[in-house]
Chemist: 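Next up is a structure, given as structure tokens.
Letters go in sequence order (proteins before strands), and every chain restarts at 1.
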Protein chains: 2
Amino acid sequence: MMSATARPAAPAGDLDPSRRNNLALISSLVHHHGVLSRAELTKRTGLNRSTVGTLVGQLVALGLVYESAPSGEGQVGRPSPDVRPDPSTAALAVNPEVDAVTIGLVSLGGQVQKKIRFATERIPTAREAVNIAAAVIAGMRSELDASYRITGIGMAVPGLVNRADGVVRHAPHLAWRDEPVARMMSEATGYPCLADNDASLGAEAELIFGAGAGRGNLVYLNGGASGIGGGVIADGALLRGSTGYAGELGHTFVRTDGKACHCGATGCLETEVSQAPLFELAGLEGGDAAQLEEALRAKDSPELAAEAARQLGFLGITLRNAVNTFDPDTIVLDGFLGVLHSLSPGTLEGLLRTQALDGAADKTRIHRAALGSDLMMIGAAELVFTGVLADPAGIRELPVPAGKAR
Amino acid sequence: MMSATARPAAPAGDLDPSRRNNLALISSLVHHHGVLSRAELTKRTGLNRSTVGTLVGQLVALGLVYESAPSGEGQVGRPSPDVRPDPSTAALAVNPEVDAVTIGLVSLGGQVQKKIRFATERIPTAREAVNIAAAVIAGMRSELDASYRITGIGMAVPGLVNRADGVVRHAPHLAWRDEPVARMMSEATGYPCLADNDASLGAEAELIFGAGAGRGNLVYLNGGASGIGGGVIADGALLRGSTGYAGELGHTFVRTDGKACHCGATGCLETEVSQAPLFELAGLEGGDAAQLEEALRAKDSPELAAEAARQLGFLGITLRNAVNTFDPDTIVLDGFLGVLHSLSPGTLEGLLRTQALDGAADKTRIHRAALGSDLMMIGAAELVFTGVLADPAGIRELPVPAGKAR
DNA sequence: CTGAATTGTTCTGCTAACCAACATATTATG
DNA sequence: CATAATATGTTGGTTAGCAGAACAATTCAG
């Protein structure tokens, strides 16, 4: 009998940390920029031409990028081939909301290939949301198997989510509590699944592909039917916190003796600033931010202006706090918060200039979200891509598409 | 004539990125833990025994660590030598305040070897502070040259500091504006100098050597004569922001229609919560936090209790915001904020439990600062050590002590 | 005193990056 | 249109640094 001497465990799985780093570096650059010539890659990475050559070759073999004919003209010298993210490598995105579950297919590079919004009669339970998503994904299955390599599913949930284990601690507007959605989703579909807070993912998406492209310090605030969500990118990385619940700016204190919030406190931003009174004053029964904006621009009532000003004041307090705590270069407002800002340009900037600390506010720019309705899909997919890009060689263990689409 | 073909530029200066990383990893571990056996180092780094051997050898040669006889007994097998930070490698720390300039000498490993508090008649200007520090350092010079290798000077300044260039943007209580203190200090002493916000450095010090040891998400709040400073460690790294001004929790909004703050806003924590009324009610003319605590414990007046409760309420609002935004595992209160908390244990925890979002507050622990009066010295020195530990081999260019002290 | 356990030490091999020389493709120039 | 200049891909050789194996050292258990 042979005694079981400890064997190397992993057959061949992983490579040198140095290689992994450099592969991650290059694939991330390509993913974030969309197109990058090999020459640009050598400049940005600081690596040797020959090294970049082998690395790109390896990434091509892994199906993460592909090289195409040089486009850059007007340059002296031998043209450098363009390196692009391979769109056949993709992730699925799931975003449950109070009135719908949206499922998307997002390619490496951030292209939303497909988006299906499944409207629900009533607020979906976690089980219902998972079942809906699983059914839609099952419907897409043959197409997915044929043309894509799916690296996983990302879920963007409006609530407190523990990114580490994918458990929704509490999603007040969905009335979910301690739901292990990632595991449920994974079991229902067979794909690995990760979950995180929707606004946090929105912040990441805007940072990489949207209004904050190229920046490193971004505060994202989204106002929707289910309150105000926040996500923060600090020094280039998403703020997570010890349990992954960081960034909940919707519950910033903005008013003494304010109304009670469902969170247990009083005077939260979310209770003072909401879209319901705006819709009412605009004479709308419901709808999205675009419809609200149109109605508000058309209507010219003093009550409406007063309400908007009131809300902007409270929003200003939150932004002032955020600027003092994070010193961001970019603030991105989405949903009806973006509408409020657009209708009264300069107001928030003015508040910040007078109220926030000296140095911090000067450089901060306030933008509206740039990615629109694709935002959540891109953010959720990014959750998956982040893992893939961190160790590109690890992708080998994933199922491969029968015939790649390009 | 020889054409000047591009030469390797740096003679030999830097090593492989991989080596640099591993050296940084090991030296940081030793610096943070104080003592670590080589065997433990191999476990923690995951590197091979032989590799750790060479790396430690290199660090010994660089004068950053030294090995001593094994202490760990009761273990089977060959004993592993202890690796400790070499205390002859040190940094100088400077902390200007409204009524004094404190200069310290801190060894690698965080030991404060010397601390000199130079009381000033009036608030020092930047020039005066630099001159005082330079004079004290000049006095120590022969000792420094004989026994230490000084890796630089770290300055902890109560105000907005741009860490990148060492310029104090605005220190309201010192009445400094746009003072390039790091450059001034460097020119006055010949040592390289870095500067940062005092509370940010306090947060780092508490994270590494104090109440937050081993944690990754920490909020530090210090209440002193010159207001309330804040520093935040998020996911293991100090929160800096785009210009380095992040973490100013002293200007969190806590009260509608509150008093006007010097920062331009109203209702800031710093205006509502201050030590002056506490000192007054305690019947003290001045003094430090310890004296205040003693007086408050002795005195049992309802006015004092009411004022303390009022201030704790506002502090609670700030902490609630901080918990919702950062989801920290540890909150550290220093100065009179620590006193307030100690006098009424459980109050802040109670406020958090009811007011902050579900998941976040449960795990958050509130502590008083553990490092006392050494905190600023350690934090400021850490500013220098961080750079040294990030590239241990770069230390070779620094002056070497004539005869090392151990 | 012997054996087991653990760790330091030495030597060898492999991986991956860099470098230099050469090949290639484009623009600029006359 | 030919040639020079420029920039970049490609190839082969060199080197740094880590892992692994074999061996030596040191301690504990009995």
Side-chain angles (χ1 to χ4, degrees), chain A residues 3 5-26 36-61 65-83 392-393, chain B residues 3 5-26 36-61 65-83 392-393:
Chain A
S3 69
T5 28
R7 247 170 296 160
D14 36 19
L15 0 143
D16 239 52
S18 157
R19 239 310 154 55
R20 188 173 48 230
N21 266 346
N22 288 337
L23 285 175
L25 182 57
I26 290 193
L36 233 39
S37 76
R38 246 161 85 173
E40 280 173 295
L41 282 173
T42 63
K43 271 175 212 139
R44 289 185 193 250
T45 58
L47 297 167
N48 193 283
R49 282 212 299 271
S50 53
T51 309
V52 173
T54 22
L55 290 168
V56 170
Q58 202 160 344
L59 290 175
V60 170
V65 306
Y66 69 96
E67 289 185 290
S68 57
S71 68
E73 287 162 15
Q75 286 279 36
V76 196
R78 175 172 178 173
S80 192
D82 281 342
V83 183
Chain B
S3 70
T5 27
R7 249 170 296 161
D14 36 18
L15 355 146
D16 240 52
S18 156
R19 235 314 149 58
R20 187 172 50 229
N21 266 347
N22 288 337
L23 286 175
L25 182 57
I26 291 192
L36 231 40
S37 76
R38 246 162 85 171
E40 279 173 296
L41 282 174
T42 64
K43 270 175 212 140
R44 287 184 195 252
T45 58
L47 295 167
N48 192 285
R49 282 211 300 271
S50 56
T51 309
V52 173
T54 32
L55 289 168
V56 170
Q58 203 160 342
L59 290 175
V60 170
V65 307
Y66 70 95
E67 289 185 290
S68 57
S71 69
E73 287 163 15
Q75 286 280 40
V76 195
R78 177 172 176 172
S80 192
D82 280 343
V83 183

Chemist: Students often get this wrong, so: under 4.0 angstrom with heavy atoms, is B/Pro17 touching a base, only sugar-phosphate, or nothing?
Modeler: nothing

Chemist: Between CZ of A/Arg19 and OG1 of A/Thr54, what distance do you get to the nearest 0.5 Å?
Modeler: 5.0 Å

Chemist: Given B/Ile26, which of B/Thr51, B/Val52, B/Val83 fulfils the side chain to side chain contact (heavy atoms under 4.5 Å, CB included) condition?
Modeler: B/Val52

Chemist: Mapping B/Glu40 and B/Asn48 onto DNA chain C by nearest heavy atom, which one lands closer to the 5' end?
Modeler: B/Glu40

Chemist: Look for any protein N or O under 3.5 Å of an N or O in nucleotides 23-25 of chain C and output each such pair with its distance, or none.
Modeler:
| unit_1 | atom_1 | unit_2 | atom_2 | d |
| --- | --- | --- | --- | --- |
| C/dT24 | O4' | A/Arg78 | NH1 | 3.4 |
| C/dA25 | N3 | A/Arg78 | N | 3.2 |

Chemist: Output the rounded distance in Å from CG (B/Asn21) to P (C/dA17).
Modeler: 13 Å

Chemist: Starting at the 5' end of DNA chain D, which residue's closest nucleotide do you reach first, A/Asp16 or A/Thr42?
Modeler: A/Thr42

Chemist: Do B/Val65 and B/Val60 have side chains that approach each other closer than 4.5 Å (heavy atoms only, starting at C-beta)?
Modeler: yes

Chemist: Under 4.0 Å between a side-chain N or O of A/Asn22 and OP1 or OP2 of C/dA17?
Modeler: yes

Chemist: Between B/Leu15 and B/Arg20, which heavy-atom pair has the shortest distance, and what is it?
Modeler: O-NH1, 4.1 Å

Chemist: Give the first and the last nucleotide of DNA chain D, reading 5' to 3', that has any atom under 4.0 Å from a heavy atom of chain A.
Modeler: D/dT6 to D/dT11

Chemist: Let me know the distance between CD1 of A/Ile26 and C1' of C/dA17, rounded to the nearest Å.
Modeler: 12 Å

Chemist: What residues from residues 49-59 of chain B pass a heavy-atom cutoff of under 4.0 Å to DNA chain D?
Modeler: B/Arg49, B/Ser50, B/Thr51

Chemist: Calculate, to the nearest 0.5 Å, the distance between atoms CG and CG belonging to B/Asn21 and A/Asn21 respectively.
Modeler: 7.5 Å

Chemist: Side chains of B/Asn48 and B/Ser50: donor-acceptor distance under 3.5 Å anywhere?
Modeler: yes

Chemist: Measure the distance from CG on B/Leu41 to C1' on C/dT6 and round it to the nearest whole Å.
Modeler: 16 Å

Chemist: State which residue, out of A/Pro79, A/Ser80, A/Pro81, A/Pro70, fulfils the side chain to side chain contact (heavy atoms under 4.5 Å, CB included) condition with A/Ser37.
Modeler: A/Ser80

Chemist: Quick check for you: to the nearest 0.5 Å, what is the distance between B/Leu41 atom CG and B/Leu25 atom CG?
Modeler: 8.5 Å

